[in-house]
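Worksheet: one structure, shown below.
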Amino acid sequence: MATVLSGTSGALYYKPAGTDSTFKAANVTNASNSINVGTFLNFKVDDKVSFGTGTGGTLPGGLSASTSVFVRTYVAATGAATFAATAGGSELALSNDGTDGTTPFTIKFAEFQSVGDVREWSFEVTREEIDVTSIGGTLGQNAPFRSFITGFADGTGSATVYTTDDDTTIASRLIEDVLQRNQVGATFKLYTDLILTGSSPNDTTSRSIEFAAVLTSASYSVNPDDAQSVEIAFRPSAAPTFDFAKS
C-alpha cells in the first residue's frame, strides 16, 4: 500500500532575518579588507554568505559570485564586515573596491539551515472573497444568491520550537529574530516530505513550501513537566513557491 509521506515529514529549514543587503564600491575599503554591508543587520561570525554583482558591475577583488565565503567579523553599529574563505579562517584580502554597475552589489545568507529543535509547524493560505452581487433582475420564488469572486491571497504560519541553553543554534536564532528590526532575508522552507541525499535535502524528490517571511510573534510556554518551547508566528512577505512534485 502506498503512503502519502515517504520521508521525514515536517522538517523546517530557515535563513535568518537581517541577512540580505546591498552595497556599492564606495562601501568597500580594500586597505582594511572590509565592506560596509549596512548597519544593524543580523550577520553573525561564520555565517556563510554569497555575493552578487550589480548589473554591469565587478565585485571587489577577492570575491566571486560563484564562491560563498564566511563572515569573519561584523560590527552592527558601523556595518563593517570582514570575511574568510573558510569558517574561522584568516581574513580574506580584497585587492580592490570593485566597480559599480547600474544596480548595487548584493550579499545574502547562502544556504538554508535545518531547525532541528522544531516540534511542529503549520501553514495556511487563504483568499479574499469579493462580493460582486448586482441588484435588480426578475424576482422568483426562491431567494437570489449572492455572487463572489476571489481576491488577494494571504498566508499565516507557526512553528513550535524547543528552547535550549545553546544560543548559537539556528533554532535560538529563529526565536531571537522576532525582535530583529530589519527582517529582510528571513526565509522559510517547510518540507512536507523531506528526502535527504547524504546530509542535504534532495529538492528534486522532496516536497516543500518556500517563502520570504516576516516574524510576527513569539509565545513562550514554560511548565515543570514539559520541555520549554516557543511558538513562533510568521506570514509570507511574498508569494510562496509550492513544490509538490516528486521529480
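Note that the numbering runs from 1 along the sequence shown for the chain. Since we're looking at a predicted model, the values are computed, not measured.
- Looking only at side-chain heavy atoms (C-beta outward), I170 and F112 stay at 4.5 Å or farther from each other.
- The backbone N or O of I195 lies less than 3.5 Å from no partner atom in the side chain of N202, so there is not a single donor-acceptor pair.
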Acceptor/donor pairs from residues 54-67 side chains to any protein atom, 3.5 angstrom cut, sequence neighbours excluded:
residue : atom : partner : partner atom : Å
T55     : OG1  : T103    : OG1          : 3.2
T58     : OG1  : T99     : OG1          : 3.2
S64     : OG   : S66     : N            : 3.2
S64     : OG   : S66     : OG           : 2.9

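- Here the side chains of I209 and F244 are in contact, with some heavy-atom distance below 4.5 Å.
- Between the side chain of T187 and the main chain of E210, no donor-acceptor pair closer than 3.5 Å is present.
- One finds the OG atom of S237 at 9.0 Å from the CD atom of Q183 (value rounded to the nearest 0.5 Å).
- When atom types are taken as modelled, the side chain of D100 and the backbone of A25 share a donor-acceptor pair closer than 3.5 angstrom.
- Taking the six-membered ring where the residue is Trp, the centroids of F211 and F123 are separated by under 6.0 Å.
- Within the model, atoms OG1 of T164 and CD1 of I175 stand 8.0 Å from one another, a figure rounded to the nearest 0.5 Å.
- Taking R181 as the reference, nothing meets the salt bridge (Lys or Arg N to Asp or Glu O under 4.0 Å) condition, with sequence neighbours excluded.
- When the shell of 6.0 Å around CZ of F152 is examined, it contains 12 or fewer heavy atoms from other residues, nucleotides or ligands.
- No path of Ile, Leu, Val, Met, Phe, Trp and Tyr side chains, each step under 4.5 Å between heavy atoms, connects L179 with L174, placing them in separate hydrophobic clusters.
- Contacts of T150 classified as side-chain hydrogen bond (donor to acceptor under 3.5 Å, both in side chains), with partners at least two apart in sequence or in another chain: R127.
- Counting all heavy atoms, side chain and backbone alike, A84 lies closest to S90 at CB-O, 3.3 Å.
- Looking at heavy atoms from C-beta onward, T168 lies out of side-chain contact with K44 at the 4.5 angstrom threshold.
- To the nearest 0.5 Å, atom OG1 of residue T192 and atom CG of residue D243 are 9.0 Å apart.
- Counting heavy atoms from C-beta on, the side chains of L215 and F188 come closer than 4.5 Å.
- One hydrophobic cluster, built from ILVMFWY side chains closer than 4.5 Å, cannot hold both V125 and I130; they sit in different ones.
- Aromatic pair F83/F51: ring centres closer than 6.0 Å.
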Throw together a table of side-chain donor-acceptor distances under 3.5 angstrom for residues 31-41, partners on residues two or more places apart or in other chains.
residue : atom : partner : partner atom : Å
S32     : OG   : T29     : O            : 3.4
S32     : OG   : S34     : OG           : 3.0
N33     : OD1  : L94     : N            : 2.8
N33     : ND2  : E91     : OE2          : 2.9
N36     : OD1  : G38     : N            : 3.1
N36     : ND2  : T78     : O            : 3.2

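- Closest of all the heavy-atom pairs between N30 and S95 is ND2-O, 3.6 Å.
- With a 4.5 Å cut-off on side-chain heavy atoms, L92 and R72 do not count as touching.
- Linking ILVMFWY residues whenever their side-chain heavy atoms come closer than 4.5 Å, directly or via other members, leaves F43 and F109 in distinct clusters.
- Under the 4.5 Å side-chain heavy-atom criterion for Ile, Leu, Val, Met, Phe, Trp and Tyr, F242 and W121 are members of the same hydrophobic cluster.
- Residues in residues 11-22 take part in these side chain to side chain donor-acceptor pair (under 3.5 Å) pairs, two or more places apart or across chains: Y14-D177.
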Using a 3.5 Å cut-off and no angle test, enumerate the donor-acceptor pairs between side-chain atoms of residues 226-235 and protein atoms at least two apart in sequence or in another chain.
residue : atom : partner : partner atom : Å
D226    : OD2  : N223    : ND2          : 3.4
R235    : NH2  : D154    : OD1          : 3.2
R235    : NH2  : D154    : OD2          : 2.4

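- Between the OG atom in S208 and the NZ atom in K189 there is a gap of 4.5 Å [rounded to 0.5 Å].
- Listed for the S147 side chain is no donor-acceptor partner under 3.5 Å among the backbone atoms of V132.
- Taking the side chain as every heavy atom from C-beta outward, R173 and D47 approach each other to under 4.5 Å.
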